[in-house]
Chemist: 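Just dropping this structure here.
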Amino acid sequence: MHIVRFVVNGGQQIKVGILVDQQVIEFGIESISELMHLPLDELRARCESVEGRRHDLGMVRLLPPVDGLMEVWAAGVTYKSSQLERMRESRESASVYDRVYTAERPELFVKSSAWRVVGDGEPIAIREDSAINVPEPELALVVNAHGEIVGYSVCNDVSSRSIEGENPLYLPQAKVYLASCAVGFGIRPLWEVPDPRSLQISLKIRRDGATAWEGAANTDGLHRDLDELVGYLLFANRFPDGVVLSTGTSLVPALPFSLAVGDLVEIEIPGVGSLVNPVVSGRAASQWLVEAIADVRRRPATA
Ligand code: DO4
Ligand code: MG
């Protein structure tokens, strides 16, 4: 089962439901945020008793499961490979990555507000002023307004390695720009994921009909507890509509690999979900995100 946000094909009214066996069943509400107000046990009861209108999957368009006041945050340098690659790209600032990997306090940063999140099949962007750009496939935690992890999704923390590598203080520009954050097609509820610390994460980058890069990892390599990451995120903050916390990447293509326009980035976390996005460049190519705030039909055709 996945909790999904969707519109019926060609329609404008956003709905929320569950996706089971290629069918979407409506909850009778219009936002994921509303579900995030429920404590975990009530959310589960709601999901297990949903009886609304049904749609075949082919008759709906799935939207990213993030809305309202929800935000996407991300953790960094949570896997050894991420620490080592950051140290390689950043030369004289290498020690900051070394220190944060072993520090008690994790690195956490704001990745996106809800409206800026790209969904499955929609284009992600690389910056025109960045030479080296990578996808970062990550397990994302979905946390409700009460601070409970209620489910999981897939996040692509698309990043500029050259901008971050120049100076770590440029991290917000390397990480937070239009179409730099993609989230999978739905939320796999917590009660259906027996062990989130033993999930395969695979990444494939297709270019001109061939595989330009591929790799696989497992969340058992995550250096932090999930509750510890959520604990730090909530320590001095509140998320009245819930929050998505991406847990960091362990798949970083070695330098000087960079994403290119026309690439197709495929991420899969079996048991959680998948995310496929073509790559475009520049702000103009992602203007649809701004237009889609008022009209969901402005979202582009999906890959
Ligand atoms: O320190 C930079 C960010 C690292 C990151 O996003 C990751 O490890 O996934
Ligand atoms: Mg990341």
Side-chain angles (χ1 to χ4, degrees), residues 66 71-112 116-118 124-127 130 132-141 152-177 179-184 196 199 201-203 205 213 215-226 228-230 232-233 243-255 257-259 265 267 269 272 275 277 279:
V66 187
E71 293 167 10
V72 180
W73 282 63
V77 198
T78 49
Y79 291 84
K80 192 74 186 166
S81 52
S82 177
Q83 177 213 344
L84 296 175
E85 283 301 324
R86 309 294 150 189
M87 289 174 76
R88 265 177 212 124
E89 81 197 5
S90 60
R91 300 175 301 271
E92 65 275 14
S93 313
S95 70
V96 299
Y97 298 98
D98 198 17
R99 291 207 313 274
V100 82
Y101 184 72
T102 49
E104 195 176 327
R105 183 190 295 278
E107 177 197 359
L108 298 177
F109 57 91
V110 187
K111 177 66 185 176
S112 186
R116 243 195 253 112
V117 174
V118 168
I124 48 173
I126 53 179
R127 295 178 59 120
S130 165
I132 300 192
N133 307 285
V134 284
E136 292 190 0
E138 305 185 2
L139 173 70
L141 315 177
Y152 305 93
S153 194
V154 180
C155 179
N156 187 348
D157 169 24
V158 186
S159 305
S160 161
R161 287 191 79 177
S162 41
I163 293 177
E164 186 186 339
E166 199 177 326
N167 187 322
L169 293 180
Y170 293 156
L171 184 118
Q173 294 176 75
K175 297 273 187 187
V176 186
Y177 59 89
S180 71
C181 177
V183 174
L199 295 167
I201 304 181
S202 66
L203 166 66
I205 302 170
W213 198 87
N218 194 292
T219 55
D220 63 4
L222 188 59
H223 176 63
R224 307 266 181 184
D225 283 342
L226 304 182
E228 172 196 351
L229 293 174
V230 174
Y232 272 98
L233 179 64
V243 60
V244 173
L245 175 56
S246 199
T247 54
T249 194
S250 69
L251 291 170
V252 188
L255 289 167
F257 181 91
S258 178
L259 285 174
V265 178
I267 301 171
I269 306 182
V272 170
L275 183 57
N277 303 98
V279 177

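Side-chain atoms are counted along with the backbone in the values below, which use heavy atoms only and exclude waters and symmetry mates. One-based numbering, in listed order, for ligands and for the atoms of each.
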Chemist: To the nearest 10 degrees, calculate the angle at the Mg ion (ligand 2) involving OE2 of Glu138 and OE1 of Glu136.
Modeler: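 Taking the Mg ion (ligand 2) as the apex, I get 100° for this pair.
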Chemist: For the CD1 atom of Ile132 and the OG atom of Ser258, what is their distance to the nearest 0.5 Å?
Modeler: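 Output value for this atom pair is 6.0 Å.
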Chemist: Using distance alone, decide if ligand 1 has a nitrogen or oxygen within less than 3.5 Å of any nitrogen or oxygen in Glu164.
Modeler: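 Yes, at least one N or O pair falls under 3.5 Å.
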Chemist: Under 4.0 Å from ligand 1, counting heavy atoms only, is it the side chain of Leu171, its backbone, both or neither?
Modeler: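 Leu171 to ligand 1: side-chain contact only, backbone stays beyond 4.0 Å.
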Chemist: What residue among Ser246, Ser82, Ser153 forms side-chain hydrogen bond (donor to acceptor under 3.5 Å, both in side chains) with Glu138?
Modeler: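 That would be Ser246; it is the only one of Ser246, Ser82, Ser153 passing the side-chain hydrogen bond (donor to acceptor under 3.5 Å, both in side chains) with Glu138.
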Chemist: Can you sort out which atoms of ligand 1 are near Gly248, meaning under 4.0 Å from one of its heavy atoms?
Modeler: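 In order of numbering, the contacting atoms are 9 (O).
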Chemist: Under 4.0 Å from ligand 1, counting heavy atoms only, is it the side chain of Tyr79, its backbone, both or neither?
Modeler: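 Neither; no heavy atom under 4.0 Å.
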Chemist: I'd like to know if the side chain of Thr249 reaches the main chain of Leu251, judged simply by a donor and an acceptor atom lying under 3.5 Å from each other, with no hydrogens or angles considered.
Modeler: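 Yes.
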Chemist: Once you measure the plane-to-plane angle for Phe257 and Trp213, does it fall in the parallel (<30°), tilted (30-60°) or perpendicular (>60°) bin?
Modeler: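 Taking Trp213 first and then Phe257, their aromatic rings sit tilted (interplane angle of 30° to 60°).
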Chemist: Has Tyr101 got a side-chain atom pairing as donor or acceptor with His223's backbone, closer than 3.5 angstrom?
Modeler: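 No; zero donor-acceptor contacts below 3.5 Å.
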Chemist: With sequence neighbours left out, what residues match Glu71 under salt bridge (charged side-chain N to carboxylate O under 4.0 Å, His left out)?
Modeler: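 Salt bridge (charged side-chain N to carboxylate O under 4.0 Å, His left out) check on Glu71 returns nothing, list empty.
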Chemist: Need the ligand 1 atom indices (1-based, order shown) with element for anything under 4.0 Å from a heavy-atom of Val77.
Modeler: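 Matching atoms, with element in brackets: 1 (O), 4 (C), 7 (C), 8 (O).
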Chemist: Which ligand 1 atoms are under 4.0 Å away from a heavy-atom of Asp157?
Modeler: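 Once the distances to Asp157 are compared, the set is 6 (O).
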Chemist: Of all the atoms in ligand 1, which lie at a distance below 4.0 Å from a heavy atom belonging to Gly76?
Modeler: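 It comes down to these atoms of ligand 1: 4 (C), 5 (C), 7 (C), 8 (O).
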Chemist: Please give the atom name: the N, O or S atom of Asp157 nearest to the Mg ion (ligand 2).
Modeler: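 Result for Asp157 and the Mg ion (ligand 2): OD2.
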Chemist: Heavy-atom contact under 4.0 Å between Phe109 and ligand 1?
Modeler: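 Flag set, Phe109 near ligand 1.
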Chemist: Taking only heavy atoms of Glu138 into account, list the atoms of ligand 1 that are under 4.0 Å away from them.
Modeler: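 Per the distance check, 9 (O).
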Chemist: According to salt bridge (charged side-chain N to carboxylate O under 4.0 Å, His left out), who are the partners of Asp98, at least two apart in sequence or on a separate chain?
Modeler: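 Listed in chain order: nothing, the list is empty.
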Chemist: Using a strict 4.0 Å cut-off to heavy atoms of Ser82, name the atoms of ligand 1 that fall inside it.
Modeler: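 Answer, ordered by atom number: 7 (C), 8 (O).
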Chemist: Are there more than 12 heavy atoms of other residues, nucleotides or ligands under 6.0 Å from atom OH of Tyr170?
Modeler: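 No, not enclosed.
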Chemist: So which heavy atom in the protein is nearest atom 6 (O) of ligand 1, and how far is it from that ligand atom?
Modeler: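 Looking only at protein heavy atoms, the one closest to atom 6 (O) of ligand 1 is Lys175 NZ, 2.6 Å.
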Chemist: For atom 1 (O) of ligand 1, what is the nearest protein heavy atom, given as residue, atom name and distance?
Modeler: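 Going by distance alone, atom 1 (O) of ligand 1 is nearest to Glu107 OE1, 2.8 Å.
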Chemist: Determine, for Arg86 against Glu136, whether the closest basic-nitrogen to carboxylate-oxygen distance falls under 4.0 angstrom.
Modeler: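 A salt bridge links Arg86 with Glu136.
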